[in-house]
Amino acid sequence: MTEKKDLKSLRIVMIGPPGGGKGTQARILQESTGIPHISTGEIFRNYARSGTELGLKAKALMDQGLLVPDELTLEIIEDRLFGKVQDEKLGCILDGFPRTVPQAEVFEEILDRHDAKIDYVINIKVANDYIIERITGRFSCVKCGEMYHDSFKKPKIEGVCDVCGATKFVRRVDDTVEVVQNRLNKYRELTEPLLPFYDKRGLLHSVDGVGEIDDVAGFIAKVIGMK
Ligand code: AMP
């Protein structure tokens, strides 16, 4: 990346294993830059809650840690990025998409069609050992979505969200050891091949995701030219 783009218009792809801190970092980055954080998992979870036939189909796959079909995923992404939902000058922080090389290939075609491109791909590296503990301990505020963890990030006052003061929290139904293992296998098999794919295009920046949340955020800020 040589030319200087408006920060808010950057298109950033976050890659990393489930539970590796990708969502947390995407939220921090959204706060510090104003670039919208777009999580396909979150979109599908909302979709599933809608109770429509398609939503229920997506839910059945997600609950087992399986992927939602590409056709649906790609249609939703194109609509979210280039439909009427958001100001076309705004970029995106993609979290959970693309998930596979075929999705990334079709995504390149979608971007081309809209005369757009990816600016940075951030790879958050975390070894398998850390992940199970990280995922099975996580929960979030029902109201604002702030993420917490049984060991690493408890609310300052037990049972009360630090950000919005709400007192209800949820755990994802797919955050069990068995489902996490399945998602991890899927990640290593299907998503990791995206790393050489984006490295070849000169877009890949890798960071050690086992460090402090703020250190990882600092690295990402540096990559995109904020520091
Ligand atoms: P996540 O919140 O990113 O862990 O995603 C939760 C679930 O949503 C995944 O296990 C998949 O079932 C589904 N999902 C999210 N992103 C995608 C994607 N890009 N392609 C297919 N399925 C996805």
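Because the structure is predicted, anything quoted here is derived from the model rather than measured. Every number for a ligand or one of its atoms is a count from 1 in the order of the listing.
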ask   = Which residues, ordered by chain and number, are linked to I28 in its hydrophobic cluster, where ILVMFWY side chains connect at heavy-atom gaps below 4.5 Å, directly or through other members?
value =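 Members other than I28 - counting any ILVMFWY side chain reachable under 4.5 Å - are I213.
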key: Partner set under side-chain hydrogen bond (donor to acceptor under 3.5 Å, both in side chains) for R138, not counting sequence neighbours   = D175
Enumerate donor-acceptor pairs with a distance under 3.5 Å from any side-chain N or O in residues 7-20 to protein atoms, sequence neighbours excluded.
{"residue": "S9", "atom": "OG", "partner": "D6", "partner atom": "O", "Å": "2.7"}

query = Do you know the tightest heavy-atom contact between L67 and T100?
reply = CD1-CG2, 3.9 Å
ask   = What are the two closest non-hydrogen atoms of L203 and H205, and how far apart are they?
value =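 Shortest heavy-atom contact: O-CD2, 3.1 Å.
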Short N or O contacts of ligand 1 with protein, under 3.5 Å, listed by atom name?
{"residue": "ligand 1", "atom": "2 (O)", "partner": "R45", "partner atom": "NH1", "Å": "3.1"}
{"residue": "ligand 1", "atom": "2 (O)", "partner": "R45", "partner atom": "NH2", "Å": "3.3"}
{"residue": "ligand 1", "atom": "2 (O)", "partner": "R172", "partner atom": "NH1", "Å": "3.2"}
{"residue": "ligand 1", "atom": "3 (O)", "partner": "R99", "partner atom": "NH1", "Å": "3.0"}
{"residue": "ligand 1", "atom": "3 (O)", "partner": "R99", "partner atom": "NH2", "Å": "3.4"}
{"residue": "ligand 1", "atom": "4 (O)", "partner": "R172", "partner atom": "NH2", "Å": "3.2"}
{"residue": "ligand 1", "atom": "5 (O)", "partner": "R99", "partner atom": "NH2", "Å": "3.4"}
{"residue": "ligand 1", "atom": "12 (O)", "partner": "L66", "partner atom": "O", "Å": "2.5"}
{"residue": "ligand 1", "atom": "16 (N)", "partner": "T40", "partner atom": "OG1", "Å": "2.7"}
{"residue": "ligand 1", "atom": "16 (N)", "partner": "G96", "partner atom": "O", "Å": "3.3"}
{"residue": "ligand 1", "atom": "16 (N)", "partner": "R99", "partner atom": "NH1", "Å": "3.3"}
{"residue": "ligand 1", "atom": "19 (N)", "partner": "G96", "partner atom": "O", "Å": "2.9"}
{"residue": "ligand 1", "atom": "19 (N)", "partner": "Q103", "partner atom": "OE1", "Å": "3.1"}
{"residue": "ligand 1", "atom": "20 (N)", "partner": "Q103", "partner atom": "NE2", "Å": "2.9"}
{"residue": "ligand 1", "atom": "22 (N)", "partner": "V68", "partner atom": "N", "Å": "3.0"}

task = Please say whether the positively charged group of R49, taken as NZ for Lys or CZ for Arg, lies over the ring of Y47, i.e. under 6.0 angstrom from the six-membered ring centre and within 45 degrees of the axis.
result = no
